[in-house]
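What follows is a set of notes on a single structure, which appears directly below.
The chains referred to below are lettered A, B, ... by the order of the sequence lines, with proteins before strands, and numbering in each begins at 1. A quick note: this is a predicted structure, and the numbers were derived from the prediction, not measured. Any value given below was found using the heavy atoms of this structure, including those in side chains, with hydrogens, waters and symmetry copies removed.
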Amino acid sequence: MSGDQIDCGSRFNDSLKHKEKYKEKEHKHKDHKKDKEREKAKHGNRDKEKEKMKSKDGSADKYKDKHKEKKTKPLDVKVKKENGFASPPPAVKSEPEDTFFHSPKLEKSLKRERDDDNDSDFKAKKVKLENDKKVKKRKPEEEPKKTKNKRAVTDGKKKVKKEPEEKWKWWEEERYTDGSKWKFLEHKGPVFAAPYEPLPSHVKFSYDGKHMKLRPEAEEVATFFAKMLDHEYTTKDIFRKNFLKDWRKEMSAEEKTKLTDLNKCDFVPMSEYFKAQSEARKAMSKDGKLKIKEENERLLQLYGFCIMDNHRERIANFRIEPPGLFRGRGDHPKMGMLKRRIRPKDIIVNCSKDSKHPEPPPGTKWKEVRHDNKVTWLVSWTENIQGSIKYIMLNPSSRIKGEKDWQKYETARQLKKCVDRIRTQYREDWKSKEMRIRQRAVALYFIDKLALRAGNEKEEGETADTVGCCSLRVEHIKLYPENDGQEFVVEFDFLGKDSIRYYNKVPVEKRVFKNLQLFMENKETDDDLFDRLNTSVLNKHLQELMDGLTAKVFRTYNASITLQQQLKQLTSAEENLLAKILSYNRANRAVAILCNHQRAPPKTFEKSMQNLQAKIDAKRDQLVDAKRELKSSKADAKVRRDEKSKKSVETRKKAVERTEEQLMKLEVQATDREENKQIALGTSKLNYLDPRISVAWCKKWTIPVEKIYNKTQREKFAWAIDMAEEDFEF
DNA sequence: GTCCATACTTAGCATCCCAGTG
DNA sequence: CACTGGGATGCTAAGTATGGAC
């Protein structure tokens with residue numbers, strides 16, 4: 001069962017190819033809410049009858065059996081045969097369940113034991129949530145410092161120098177259990193975007209062939225457009241329309257009357273000017289570059305850190321987003337709109353009362369200063385495109401993010417313990433008398449098996465038309481009673497998060513198939529597939545099945561368990577370091593495929609692949625030469641039988657070995673890169689894979705963790721690197 | 001249940017930067 | 001030593017989830 005997610009279909013290879021075509025397809029659906037209502041009314045009585053019919057068709061096929069024959073298609077295709085590293089692709093053969101699902105004393109390896117949770121950290125969270133009143137103190141020695149801000153600050157500053165050597169192991173300390181996120185918080189506030197600098201007078205803008213001097217407000221917005229001139233989207237109707245509308249808002253009455261047609265605007269001189277500027281920046285002297293670097297470092301030291309509970313912690317995004325033109329992902333109805341400049345009076349500052357409050361720039365005021373220690377953000381503002389709130393928060397290496405991340409994986413491990421029960425349950429629910437329960441059960445099956453996202457409803461016309469599981473519409477799936485020799489095949493084709501296409505053909509169990517047919521009956525293509533379901537209903541149900549369980553936990557769980565399983569299967573002891581790392585990447589890749597983490601093939605892909613191939617060819621030739629030389633040396637040595645020729649044999653043998661190794665290295669590199677062409681590994685590595693699995697794997701095979709995690713990643717996963725031992729089991 | 005606000009995680013792409021190469 | 005490919009980092013959009021008002 002552990003590997004079933006791997007199997008999910010033939011999604012990848014054709015997926016991106018169709019991206020463009022797919023975009024053209026119109027999603028004309030509208031009025032979903034109404035549709036949902038309508039559906040309900042329509043099917044109200046029918047459900048019960050249906051149930052009778054359906055309840056006969058079931059067979060008692062075991063979930064487990066179902067998944068025995070699975071293997072990864074996408075990787076199959078891509079594995080290179082010529083090089084010596086065609087270790088089998090991550091074909092998933094079924095393993096005895098036991099290997100995975102009973103976990104022998106998993107927790108024992110954790111060094112620290114937070115008093116309150118011997119069992120798991122998941123429970124720790126529970127405690128936190130339930131006993132809101134019982135304030136647990138963090139480490140006692142911290143307490144006094146927290147209260148006096150002066151001291152906290154000085155302490156913090158001392159830490160600046162100290163901390164690099166002795167890293168704070170927050171994971172060895174207790175956590176808050178009272179729902180507060182911190183006791184003391186001090187920071188310097190955000191860094192605002194540089195003010196607009198009007199263009200030099202020689203850079204002309206013209207309208208309808210005539211020069212025209214814009215006042216700075218309008219000119220600034222024009223420069224935003226000019227800077228994007230090379231992008232395809234400046235040619236899109238919606239983009240242009242939105243842009244012009246917002247641009248005109250910044251114009252004087254006079255400008256407004258004149259400038260009515262975007263097609264008559266000439267942004268080219270502006271665009272050229274900015275290109276020249278960026279060239280100039282690139283060509284700058286070393287000194288100049290160093291100056292800039294130093295200034296950046298100064299800003300980072302000043303604004304890039306805060307003091308939270310006695311520790312100096314890195315802030316993730318201390319710079320306020322500069323104004324510009326909004327470009328959403330995919331077919332976004334708001335593309336081209338003006339993203340306003342954020343001013344101090346838009347800013348809410350959050351810090352502790354007893355801290356030194358950040359100062360707004362001279363002559364300005366913050367919108368508000370509050371002291372809310374139930375949240376983790378330092379600064380917030382409301383963005384003008386969607387009206388959503390943006391935050392400045394801490395870096396992933398910080399305690400506050402790290403604890404949460406750790407807890408996320410503990411929840412996923414919790415799911416591991418009861419996933420069998422939950423699977424049995426939803427399979428049972430496929431037969432339910434109630435439509436809403438059947439829908440819930442089928443949706444959950446998709447979320448589990450295919451690692452789909454939950455699929456919250458979205459406001460129509462505000463964002464690109466994308467969906468997740470609960471928001472799938474009839475038009476997003478096709479049912480094939482029989483397809484390519486397989487029975488009950490479901491074809492998924494929809495745009496998910498970031499308008500990334502999800503395309504997959506999956507055989508499902510008969511009952512699921514029949515249910516889908518039922519759900520689709522008498523519906524229009526733009527009706528919701530699961531009209532009786534939404535994410536909050538689903539999550540409420542999940543919450544009852546397991547504490548802390550939500551739809552996304554399945555993604556985390558399935559991703560991590562897949563990595564662990566794949567690593568076990570793909571890593572072979574005899575292989576060298578490089579090959580092991582390739583195996584790791586392949587395991588990682590299996591997860592990325594499961595989670596549909598795609599990327600556009602790098603622009604330079606073909607070229608760089610060619611270069612690499614050329615290198616490989618050259619190395620092959622070199623190897624041939626080296627071997628020939630070795631041979632002749634050997635022959636020579638046989639005849640001469642003296643020390644000198646023996647030595648020469650040795651040297652040449654070494655040369656051959658060295659060359660062989662270099663060749664292998666190149667070939668591995670080529671394989672890895674080819675397989676990675678349109679797959680992004682970073683997202684799963686950073687967000688879905690319990691780092692302790694990777695750390696344990698590194699320890700087991702004595703692979704330096706640096707080969708797997710770069711510096712930033714090591715900082716983020718410091719807790720895992722510190723605590724996971726070789727025998728860690730997810 | 002629905003709607004809305006809020007907070008926080010997850011996501012891909014653009015740009016930066018630096019190590020390795022010729 | 002200059003160049004450059006590609007990984008690291010920055011950026012910010014787009015998700016998930018929850019809780020409270022009605």
Side-chain angles (χ1 to χ4, degrees), chain A residues 33 36-37 40 129 181 231 278 281-282 289 292-293 296 300 304 316-322 324 326-330 332 334-335 339 348 350 372 374-377 380 382-383 385-396 400-401 404-405 408 436 447 453-459 462-464 466-471 495-500 532 534-540 542-543 548-553 555-556 559 592 595-600 602-605 607-609 611-612 615 669 673 676 678-688 709-713 715:
Chain A
K33 308 265 154 62
K36 228 167 194 169
E37 297 313 309
K40 265 183 214 170
L129 296 176
K181 304 294 172 68
H231 273 110
S278 90
R281 225 174 304 125
K282 267 186 229 154
K289 280 181 182 164
I292 291 176
K293 214 176 154 186
N296 278 335
L300 173 68
N317 56 326
F318 58 91
R319 286 171 205 274
I320 298 274
E321 297 172 18
F326 176 81
R327 173 56 172 122
R329 318 251 165 94
H332 199 115
K334 300 200 171 185
M335 66 171 85
K339 195 167 104 167
I348 302 174
N350 193 32
D372 181 356
K374 299 282 190 275
V375 297
T376 68
W377 53 267
S380 76
T382 301
E383 152 268 354
I385 304 286
Q386 324 268 0
S388 65
I389 307 171
K390 301 260 188 170
Y391 303 94
I392 292 183
M393 291 181 184
L394 297 196
N395 199 68
I400 213 157
K401 293 288 182 193
K404 198 81 184 297
D405 203 37
K408 173 181 77 187
R436 56 173 193 97
I447 286 171
R453 295 187 184 82
N456 286 321
E457 314 73 311
K458 316 165 67 187
E459 213 176 327
E462 294 291 298
T463 58
T466 61
V467 297
C469 186
C470 295
S471 49
L495 297 182
K497 181 175 179 181
D498 295 315
S499 291
I500 297 291
R532 305 296 173 83
N534 62 42
T535 51
S536 78
V537 167
L538 178 64
N539 280 335
K540 241 169 236 155
L542 292 176
Q543 201 63 242
L549 187 61
T550 63
K552 94 184 176 96
V553 178
R555 248 167 104 80
T556 312
C595 295
N596 201 37
H597 291 143
Q598 302 191 32
R599 62 167 186 177
K603 287 185 192 82
T604 54
F605 186 85
K607 198 179 136 216
S608 84
M609 221 47 210
N611 289 346
L612 193 54
K615 271 192 197 171
Q669 214 180 5
R673 199 184 292 171
N676 242 13
Q678 35 185 198
I679 301 172
L681 299 187
T683 305
S684 49
K685 207 178 199 177
L686 236 44
N687 300 299
Y688 289 103
Y709 290 134
N710 67 33
K711 186 165 152 284
T712 323
Q713 295 167 160
E715 279 166 13

For [X], give me all partners under side-chain hydrogen bond (donor to acceptor under 3.5 Å, both in side chains), at least two apart in sequence or on another chain.
X	value
A:Gln386	A:His332
A:Glu715	none
A:Asn687	none
A:Asp498	A:Arg329

(request) Please examine the side chains of A:Leu394 and A:Thr376, heavy atoms only from C-beta on, and report whether any two atoms are closer than 4.5 Å. (result) no

Base, sugar-phosphate alone, or nothing: which one does [X] contact when heavy atoms must sit under 4.0 Å apart?
X	result
A:Pro322	sugar-phosphate
A:Lys497	base
A:Glu462	nothing
A:Asn456	base
A:Gly682	nothing
A:Ser388	nothing

Taking only the side-chain nitrogens and oxygens of [X], find out if one of them lies under 4.0 Å from OP1 or OP2 of [N].
X	N	result
A:Lys458	C:dG15	yes
A:Lys401	B:dT9	yes
A:Thr466	C:dG15	yes
A:Tyr391	B:dT6	no
A:His332	C:dA13	no
A:Thr376	B:dC8	yes
A:Lys334	C:dA13	no
A:Lys404	B:dC8	no
A:Arg453	B:dA11	yes
A:Ser499	C:dA14	no
A:Thr550	C:dT16	no
A:Lys408	B:dT10	yes
A:Arg555	B:dA11	yes
A:Lys181	B:dC8	yes

side-chain contact (heavy atoms from CB on, under 4.5 Å) involving [X] - partner list, sequence neighbours excluded:
X	answer
A:Lys390	A:Glu321, A:Trp381, A:Glu383
A:Asn296	A:Ile292, A:Arg319
A:Ile389	A:Ser380, A:Thr382, A:Tyr391
A:Ala551	A:Ile447, A:Ala454, A:Leu538, A:Asn539, A:Leu542

(request) Using heavy atoms to find the nearest nucleotide of DNA chain B for A:Met393 and A:His231 separately, return the residue whose nucleotide is more 5′. (result) A:Met393

(message) On DNA chain B, compare the nucleotides closest to A:Asn296 and A:Lys540; which residue's is nearer the 5' end?
(response) A:Lys540

(request) Locate the shortest heavy-atom distance separating A:Gly548 from A:Val553; write the atom from each residue and the value. (result) O-CG2, 3.8 Å

(request) Over all heavy atoms of both residues, which pair between A:Asp372 and A:Val375 is shortest? Give the atoms and the distance, please. (result) O-CG2, 3.4 Å

(message) Judged by each residue's nearest nucleotide on DNA chain C, which is more toward the 5′ side, A:Ser536 or A:Glu383?
(response) A:Glu383

(message) Can you work out whether A:Ala551 or A:Arg327 has the more 5'-proximal nearest nucleotide on DNA chain C?
(response) A:Arg327

(request) Under the salt bridge (Lys or Arg N to Asp or Glu O under 4.0 Å) rule, collect the residues that match up with A:Lys685, sequence neighbours excluded. (result) none

Please list, for nucleotides 18-22 of chain B, all pairs of protein and nucleotide N/O atoms separated by less than 3.5 Å.
none

Which nucleotide wins on minimum distance to the side chain of [X], given the candidates [options]?
X	options	answer
A:Arg329	B:dA11, B:dC8, C:dA17	B:dA11
A:Asn539	B:dT9, C:dT18, C:dC11	C:dT18
A:Ala600	C:dG5, B:dC13, C:dG15	B:dC13

Strictly under 3.5 Å: I want the nitrogen or oxygen pairs between protein and nucleotides 6-8 of chain C, one per line.
from	atom 1	to	atom 2	distance (Å)
C:dG6	OP1	A:Arg673	NH1	2.6
C:dG6	OP1	A:Arg673	NH2	2.7
C:dG6	OP2	A:Ser608	OG	3.2
C:dA8	OP2	A:Asn710	ND2	3.4

(request) Work out how much the helix from B:dG1-C:dC22 to B:dG22-C:dC1 bends between its end axes, five pairs an end, to the nearest 10 degrees. (result) 10°

What is the distance from [atom1] of [X] to [atom2] of [N], rounded to the nearest Å?
X	N	atom1	atom2	value
A:Glu457	B:dG1	CD	P	13 Å
A:Lys374	C:dT18	NZ	P	19 Å
A:Ile292	B:dC16	CD1	P	10 Å

